[in-house]
Chemist: 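Take this structure, written in structure tokens, and hold onto it; I'll ask about it next.
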Amino acid sequence: MFAVLRHRTYRHLFAAQAIALVGTGLATVALSLLAYDLAGGDASAVLGTALAIKMVAYVVVSQMVGAVADRLPRRALMVTTDLVRGGVALALPFVTEVWQVYVLIFLLQSASAAFTPTFQATIPEVLPARGDYTRALSLSRLAYDLESLFSPVLAAGLLTLISYNWLFFGTVLGFLASAALVVSVVLPRPAPAARTGGALAKATYGARLFGAAASLRALLALNVAVAAAGSMVVVNTVVLVREQLGRGTGDVSLALGAFGAGSMAVALLLPRVLDRFEARTVMLPAAAVLFAVLGVLTAGLAAGALTFAALLAAWAVLGAATSAVLTPAGNLIRGAVRPADLPAAFAAQFSLSHAAWLVTYPLAGWLAAGAGMTAAAGALTVIGAGAAVAARALWPTRAAAVPASPRGGRVAAGHDLAA
């Protein structure tokens, strides 16, 4: 899998992604401590609002950028967004009011909403061979999982030597290093896509591409299944471990680590699996596993039989299934649209997938707080089951030719290659 790093351009882009992710992880830790300094006992509300602002930025801004991304130099766009993110991180240690945090978080996440889809749309053109691109997708997933494990450990170590405000400066250095790595390579020039219609038609073009291919329609449902399972893990792990099971704070990290470990294991194995099997054969069963594990968790909670060992096992399986659903998504998009439409399609995937999280995040938290953890797990199980069933219905065993394109552009002629 790591042989793909011999490609210089991809190696620099992957390093830029990994370094920026570590910087973002440091900022996440520092932001939680800053919120506590500013709001005290209301820090959770501040962080919850900041998370909602992040999701709104992802959903809205990525669609707007997708409308014009094919007309902008990719390297300039990515470097500019890295510099904006670095500037915001530099300003965060100096805020004195909660509203200032909200404004800066919106700017930071808006820049991320421009950077990430552009990065994702660039990789399939840098690595045109399907096998190389599949391995790049697995490496990208591995980078996200390593960040979730490594950044908190790094932050904890640094906080024994420095105050949390200095973590923001580590974030700045990460974004500057990312910008320098992007500058060091020549990126493919995007091919402008001829589109008609007004600003709204262009902004929604990527989303409408998802209605023109069976695999992408199914991907919309699969995004919901992932969000349902992931929200249970992200939002409720701390309550499950501390309140339901009466364990210590260290066990919270251990539980989250189990999820990351499961995801990493599958990310390492997937390139060989996808060389032998179609993405559909991997992704649809993985979606079924997501809601099945949530269902078992719900039963365990209802019976009062949940143990810490069972939780670790459930989280590891959820991490593995999540990786099996998310990692091949890039190949689906690449195979279903023409190269000129890749920026719009990846921007739409970024936006629409986070729209699902925007619903499931608060649902997981509100139901757990108001109706109990069993009700939250049960509701997310129903959502995950419905999404998995919808994905199977939307994605036939052998997809037909790509349907008529949305107004305002054309989809690649031929067949849905990702089926």
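What you see below is based on every heavy atom in this structure, not just the backbone, and it leaves out hydrogens, waters and symmetry mates.
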Chemist: Are a donor atom and an acceptor atom from the side chains of Ser140 and Gln17 found within less than 3.5 Å of each other?
Modeler: yes
Chemist: Trp357 and Ser231: side-chain donor and acceptor closer than 3.5 Å?
Modeler: no
Chemist: Would you check if there is a donor-acceptor pair between the side chains of Thr298 and Thr381 at a distance under 3.5 Å?
Modeler: yes
Chemist: Output yes when a side-chain donor or acceptor of Ser351 lies under 3.5 Å from a complementary backbone atom of Ala347, and no otherwise.
Modeler: no
Chemist: Mind checking side chain to side chain contact (heavy atoms under 4.5 Å, CB included) for Val183 and listing every partner two or more places apart, or none if nothing turns up?
Modeler: Val79
Chemist: Run the side chain to side chain contact (heavy atoms under 4.5 Å, CB included) test against Ser353 and tell me which residues pass, sequence neighbours left out.
Modeler: Asn223, Gln349
Chemist: Do other residues, nucleotides or ligands put more than 12 heavy atoms under 6.0 Å from the CD atom of Glu243?
Modeler: no
Chemist: Given Arg85 and Asp82, is the salt bridge (Lys or Arg N to Asp or Glu O under 4.0 Å) satisfied, shown in steps?
Modeler: CA-CA 5 Å; Arg85 294 192 291 182; Asp82 266 338; 2.6 Å; yes
Chemist: Run Glu125 and Arg74 through salt bridge (Lys or Arg N to Asp or Glu O under 4.0 Å) and show every step you take.
Modeler: CA-CA 12 Å; Glu125 296 186 21; Arg74 287 177 178 166; 3.1 Å; yes
Chemist: When the aromatic ring centroids of Tyr102 and Trp99 are compared, is their separation below 6.0 Å?
Modeler: no
Chemist: In terms of relative ring orientation, are Tyr164 and Phe168 parallel, tilted or perpendicular, with 30° and 60° separating the classes?
Modeler: perpendicular
Chemist: Looking at every non-hydrogen atom in both residues, tell me the closest pair between Val172 and Leu90 and how far apart they are.
Modeler: CG2-N, 3.5 Å
Chemist: Do Arg217 and Phe210 meet the cation-pi criteria used here (NZ or CZ under 6.0 Å from the six-membered ring centre, within 45° of the axis)?
Modeler: no
Chemist: Counting distance only, does the side-chain N/O of Arg141 pair as donor-acceptor with the main-chain N or O of Met264 below 3.5 Å?
Modeler: no
Chemist: Check for a donor-acceptor pair, side chain of Ser110 on one end and backbone N or O of Phe106 on the other, with a separation under 3.5 Å.
Modeler: yes
Chemist: Please find the pair of heavy atoms, one from Val126 and one from Tyr10, that lie closest to each other, and give the distance.
Modeler: CG1-N, 4.0 Å
